[in-house]
Amino acid sequence: MSEDSGPLYLRTHHCGQLQAGDVGSKVRLAGWVDSYRDHGGVIFVDLRDREGLTQLVFNPQTHSDSHKAAESLRSEHVIAVEGVVDHRPEGTVNQGLSTGEIEVEVHQIEILSRPESLPFELSEGAEVSEDLRLRYRFFDLRRPKMQKNLHVRHRICQIMRSFLDERGFWEIETPFLTKSTPEGARDFLVPARLSPGEFFALPQSPQLFKQILMMAGYDKYFQIVRCFRDEDLRADRQPEFTQLDLEMAFVAEEQVIEVIEGLMQKLSQEILKIEVPEKFPRLSYAEAMDRFGCDRPDLRFGMEIKDIKAIAENCQFKVYQEAIKSGGQVRGICVPGGAGLSRKELDELTTFAKGFGAKGLAWFRGDPDKLYSPLTKFFSQEQLATLTNTFETKCGDLILTIADKPDIVAKTLAALRNSMAERFKLIPQSSYEFCWVLDFPLFEADTETQKPTPMHHPFTSPRLEDIDKLQSSPLETRARAYDIILNGTELGGGSIRIHQQQLQQQVFSLLGIGADEAQSRFGFLLDALRLGAPPHGGIALGLDRMAMLFTGTDSIREVIAFPKTQRGNCLMTEAPSGVDEKQLAELGLRIAAPAKKKPPQ
RNA sequence: GGGGCCGUAGCUCAAUUGGAUAGAGUUCCGGACUGUCGAUCCGGUGGUUGCGGGUUCGAAUCCCGUCGGCCUCGCCA
């Protein structure tokens, strides 16, 4: 390497690259000091960049200047070095490192940046509270774990793009500044300076734009796109999140499902190095609710819900009897190995169940040769035997039952099932179980008004054979909708859309949206439908959730570079924040509630 | 909007359940050490117990409020 080969930091290799075959080469590396070990004489430094670690050696006898400079190094200093690749001496090879066979004997070093005191340690074992990590996200993102997560996410996106491109999908962008549609989630609003008093909304999804693209003849569309919903956050919900959004024309359910199954196989092979079935199991919504109590069943373990109505209505236990008499259900699950729970722990489970609206929790313990429960006196021997058979209860198991309205029974048992599976370690690790849930109801009753509201969205097509029910019994109409579930998480959902203007009008009117209102809110869609629309349908998959599951993390914040806290704040930038009067005046806005934070100066 | 958990040294935690000078590991600073790889060894710095109020002879500990983080119900077409 010549003297005029530029600054030292113009590296020749990255830190995960050098191997035994490079021994003897003169190289330049640059990166962060991951760790340094000063033995008084020789100094070792693990140099880190995005790609890995390389051990640097500073020898006082051969290169005393560099050694002297290296004495002042500390964690996270940014340095560039030039040196020669050498074998590590016999017995000092590090098997745990991709570059563990070699080291670089440093001839020349430049210290590019010396950080001040660090906010926390980056080393892998060191757990750091999440608020600190988010406040110093620029620092936290240096962790190899975070870099790996974001790399997996990048690879997922690249695989999606090439997979869909090969199948003729076009990536087309849709607007972020768009029209507010008060249905569904709460919109984020953006004031329109050029139209004082009026607002754009950030899209909750590109739903209508992609449908219009189908009507415009763009057959197959996709987009990896940000969506915005101003609702409360969860471990798997951020106010802005990313979807793989796609739509196809002249297709039915099967064609959409086929594309997604193919994509999931590809992703599983490339990212997880596993084979998943060519066809994923399919459940109807009704079956999922019946067997698992929810529409996103985790198929990695059993513990399915059983109905014990026949026992309940004939036993002497009043709670059971009353539940059945008032049109409710009595159902339960059997927790393998759950009999070890103490009375106190069972009381805590009751509290847990009450959190979902259940009035109580009745349990039966599998003792040797019999069932034990404080309630056994209310049941005949035959009933107890039937109970044992229904749940296939063995000694050491625990039956948990809920007696209530069907929706509460389902919700509570689903929560208990997931919670118990985790508690008793019944979930096989590194297992990925996909399934489809189909035949959703088109509408569900609004919790307050009891009026039909769309379960998916108002553009979802009813099943053709159910079209007669639209007027007579709308809540029984099934939709041409499908959700894809992975390990109990809803990865995404979609539907075949309505492509006939009249049917769309009819659905709007069932939802209580009159012709005038429909025209003002969705006029462009109705107009487009009038101009010739092909049958079409699509799906949207949550990219954040997918990356979360594929990296084995338990929060989407671990796969988002700059996520928001549960209160929707960014601890790093301190957004949101107040703005100054001039900005407000330009927008014609006045603040009714004083801002908590002053505008940044 | 409701419920729960949490907040102590730069970081992660402890403090015998209301008791005397709030401790430990790690980081950091200084020293020793020529083959380590979470280096090791010796020494040292480091505290508004989130903030405000209250109860008490005495509060990290109990009570009220508040700020912040996490989980969750509602919400999320």
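Residue numbers start from 1 in every chain, and the chains themselves are labelled A, B, ... in the order their sequence lines are given, proteins ahead of strands.
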Participant: Which nucleotide wins on minimum distance to the side chain of A:Val42, given the candidates B:rC11, B:rG35, B:rG74?
Facilitator: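 So the nucleotide nearest the side chain must be B:rG35.
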Participant: Kindly assign one of parallel, tilted or perpendicular to the pair A:Trp436 and A:Tyr482, based on the angle between their ring planes and the thresholds 30° and 60°.
Facilitator: perpendicular
Participant: So, taking the atom named CG in A:Asp230 and the one named CD in A:Gln204, what distance separates them when rounded to the nearest 0.5 Å?
Facilitator: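 Going from CG on A:Asp230 over to CD on A:Gln204, the span is 9.5 Å.
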Participant: Give me the ring orientation class for A:His457 and A:Phe459: parallel if the planes are under 30° apart, tilted from 30 to 60°, perpendicular past 60°.
Facilitator: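 Ring orientation, 0 to 90° scale: tilted.
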Participant: Measure from CZ on A:Arg135 to P on B:rC70 and round the result to the nearest Å.
Facilitator: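 Rounding to the nearest Å, CZ of A:Arg135 and P of B:rC70 are 11 Å apart.
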Participant: Answer with base, sugar-phosphate or nothing: what part of the nucleic acid does A:Asp38 contact at a heavy-atom distance below 4.0 Å?
Facilitator: base
Participant: Would one find a side-chain N or O of A:Arg37 under 4.0 angstrom from OP1 or OP2 of B:rA39?
Facilitator: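 True: A:Arg37 side-chain N/O within range (under 4.0 Å) of B:rA39 OP1/OP2.
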Participant: With the sugar-phosphate defined as primed atoms, P, OP1 and OP2, and the base as all remaining atoms, what B/S/- string results for nucleotides 41-46 of chain B, 5' to 3', for protein heavy atoms under 4.0 Å?
Facilitator: ------
Participant: Nearest of B:rG68, B:rU36, B:rC70 to any side-chain atom of A:Thr92?
Facilitator: B:rU36
Participant: For A:Glu121 and B:rU27, give me the distance from atom CD to atom P, rounded to whole Å.
Facilitator: 6 Å
Participant: Please give the nucleotide sitting opposite B:rC62 as a Watson-Crick or G-U wobble pair, both distances under 3.5 Å, or none.
Facilitator: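 Pair assignment: B:rC62 / B:rG54.
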Participant: When the P atoms of B:rG69 and B:rG25 are compared, how many Å lie between them, rounded to an integer?
Facilitator: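 Pairwise P distance, B:rG25 against B:rG69, rounds to 33 Å.
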Participant: Kindly indicate whether the side chain of A:Arg229 and the base of B:rC76 share any N or O donor-acceptor pair separated by less than 3.5 Å?
Facilitator: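 No, the side chain and the base share no sub-3.5 Å donor-acceptor pair.
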Participant: For A:Leu571, which contact category applies under a 4.0 Å heavy-atom criterion: base, sugar-phosphate, or nothing?
Facilitator: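 Sugar-phosphate, no base atom in range.
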Participant: Write down the distance separating the C1' atoms in B:rG52 and B:rC57, rounded off to the nearest Å.
Facilitator: 24 Å
Participant: One thing to verify: whether A:Glu240 and A:Arg226 come together as a salt bridge, which I'm taking to mean a side-chain N less than 4.0 angstrom from a carboxylate O.
Facilitator: yes
Participant: Hey, can you pull the residues of residues 43-61 of chain A with a non-hydrogen atom under 4.0 angstrom from RNA chain B?
Facilitator: A:Phe44, A:Asp46, A:Gln55, A:Gln61
Participant: Distance check, C1' atoms only: B:rC37 and B:rA20, in whole angstrom units.
Facilitator: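 Roughly 46 Å separates the two C1' atoms.
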Participant: May I ask you to say what A:Phe459 touches in the nucleic acid, namely base, sugar-phosphate or nothing, with a heavy-atom cut-off under 4.0 Å?
Facilitator: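 Here A:Phe459 touches no strand at all.
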Participant: Provide the distance between the two C1' atoms, one in B:rG68 and one in B:rU49, to the nearest whole Å.
Facilitator: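 About 16 Å, rounded to a whole number of Å.
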Participant: Roughly how far, to the nearest 0.5 Å, is the CG atom of A:Leu541 from the CD1 atom of A:Ile260?
Facilitator: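 If I round to the nearest 0.5 Å, the distance is 4.5 Å.
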Participant: Using atom CZ of A:Arg237 as one end and atom P of B:rC70 as the other, report the distance to the nearest whole Å.
Facilitator: 14 Å
Participant: Given B:rG74, is OP1 or OP2 found less than 4.0 Å from the side-chain N or O atoms of A:Lys411?
Facilitator: yes
Participant: Using the rule given for side chain to side chain contact (heavy atoms under 4.5 Å, CB included), can you reason through A:Leu486 versus A:Ile484, listing the C-alpha separation, both sets of side-chain angles and the distance that settles it, and then say yes or no?
Facilitator: CA-CA 7 Å; A:Leu486 171 56; A:Ile484 182 168; over 6 Å; no
Participant: Taking the same atom, C1', in B:rG47 and in B:rU36, what whole-Å distance lies between them?
Facilitator: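 Taking atom C1' in both B:rG47 and B:rU36, they lie 35 Å apart.
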Participant: Paired with B:rG68: which nucleotide, if any, by Watson-Crick or G-U wobble criteria at under 3.5 Å for both distances?
Facilitator: B:rC6
Participant: Considering just the side-chain nitrogens and oxygens of A:Arg557, establish if one lies under 4.0 Å of OP1 or OP2 belonging to B:rC71.
Facilitator: yes
Participant: Pick the nucleotide of RNA chain B nearest each of A:Asp232 and A:Arg88; which residue has the one closer to the 5' end?
Facilitator: A:Arg88
Participant: Would you classify B:rU17 as syn or anti? Syn applies when the glycosidic angle is within 90° of 0.
Facilitator: syn
Participant: Can you say whether the rings of A:His107 and A:His63 are parallel (under 30°), tilted (30 to 60°) or perpendicular (over 60°)?
Facilitator: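 Parallel, since the angle between the ring planes stays under 30°.
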Participant: Does a distance-only test, which skips hydrogens and angles, find a donor-acceptor pair under 3.5 Å between the side chain of A:Arg186 and the base of B:rG74?
Facilitator: no
Participant: Side chain of A:Gln566, base of B:rU72: donor and acceptor closer than 3.5 Å?
Facilitator: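 Side chain to base: pair found, below 3.5 Å.
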Participant: Restricting to non-hydrogen atoms, name the atom on A:Ser205 and the atom on A:Cys227 that form the minimum distance, rounded to 0.1 Å.
Facilitator: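 For A:Ser205 versus A:Cys227, the nearest heavy atoms are CA-SG, 3.8 Å.
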Participant: Any donor-acceptor pair under 3.5 Å between the side chain of A:Glu103 and the base of B:rG35?
Facilitator: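 Checked by distance alone, the answer is yes.
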Participant: For residues A:Leu244 and A:Leu543, determine if any side-chain heavy atom of one lies less than 4.5 Å from a side-chain heavy atom of the other.
Facilitator: no
Participant: Looking at A:Asp298 and A:Arg417, is any side-chain nitrogen of the basic one under 4.0 Å from a carboxylate oxygen of the acidic one?
Facilitator: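 No salt bridge links A:Arg417 with A:Asp298.
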Participant: Report the distance from atom CG of A:Asp34 to atom CG of A:Leu53, rounding to the nearest 0.5 Å.
Facilitator: 5.0 Å
Participant: In whole Å, what separates the P atom of B:rC6 from that of B:rC75?
Facilitator: 28 Å
Participant: May I ask you to say what A:Pro89 touches in the nucleic acid, namely base, sugar-phosphate or nothing, with a heavy-atom cut-off under 4.0 Å?
Facilitator: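 Base: the residue A:Pro89, judged by heavy atoms under 4.0 Å, touches a nucleobase.
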Participant: In terms of side-chain geometry, is the basic nitrogen of A:Glu231 or A:Arg237 positioned less than 4.0 Å from the acidic oxygen of its partner?
Facilitator: no
Participant: Establish, with yes or no, whether the OP1 or OP2 oxygen of B:rC76 is under 4.0 angstrom from a side-chain nitrogen or oxygen of A:Arg234.
Facilitator: no
Participant: Rounded off to whole Å, could you give me the OH-to-C1' distance for the A:Tyr36 and B:rC33 pair?
Facilitator: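 Taking OH of A:Tyr36 and C1' of B:rC33, I get 14 Å after rounding.
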Participant: Just by distance, with hydrogens left out, do A:Ser35 and A:Asp46 show a side-chain donor and acceptor under 3.5 Å apart?
Facilitator: yes
Participant: From the options B:rC11, B:rC37, B:rG69, select the nucleotide whose nearest atom is closest to the side chain of A:Leu132.
Facilitator: B:rC11
Participant: Closest approach to the side chain of A:Arg74, judged atom by atom: which nucleotide of B:rC28, B:rC11, B:rG68 is it?
Facilitator: B:rC28
Participant: Which whole-number value in Å describes the distance from A:Phe139 CZ to B:rC11 P?
Facilitator: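 Whole-Å distance recorded here is 12 Å.
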Participant: For B:rU8 versus B:rG54, give the span between their P atoms, rounded off to a whole number of Å.
Facilitator: 24 Å
Participant: Would you measure the distance from the P atom in B:rA59 across to the matching atom in B:rU16 and give it in whole Å?
Facilitator: 16 Å
Participant: Applying a 4.0 Å non-hydrogen cut-off, can you work out what A:Ser129 is touching in the nucleic acid: base, sugar-phosphate, or nothing?
Facilitator: sugar-phosphate
Participant: Return the value, rounded to whole Å, for the distance between atom CZ of A:Arg133 and atom P of B:rU12.
Facilitator: 11 Å
Participant: Mind checking the CZ-NZ spacing from A:Arg521 to A:Lys179? Nearest 0.5 Å is all I need.
Facilitator: 9.5 Å
Participant: By nearest heavy atom, map A:Ala235 and A:His457 onto RNA chain B; which one lands nearer the 5' end?
Facilitator: A:Ala235
Participant: Could you tell me whether A:Pro454 contacts a base, only the sugar-phosphate backbone, or nothing, with contacts defined as non-hydrogen atoms closer than 4.0 Å?
Facilitator: sugar-phosphate
Participant: Compare side-chain N and O positions of A:Ser555 against OP1 and OP2 of B:rC70 and report whether any pair is under 4.0 Å apart.
Facilitator: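 A:Ser555 to B:rC70 OP1/OP2: no side-chain N or O under 4.0 Å.
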Participant: Which part of the nucleic acid does A:Thr460 contact within heavy-atom distance under 4.0 Å: base, sugar-phosphate only, or nothing?
Facilitator: nothing
Participant: May I have the distance from A:Met572 (atom CE) to B:rG68 (atom P), rounded to whole angstrom?
Facilitator: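 The answer, rounded to whole Å, is 19 Å.
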Participant: Quickly work out the A:Lys564 NZ to B:rC70 P distance and round it to whole Å.
Facilitator: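 My rounded result for the distance is 13 Å.
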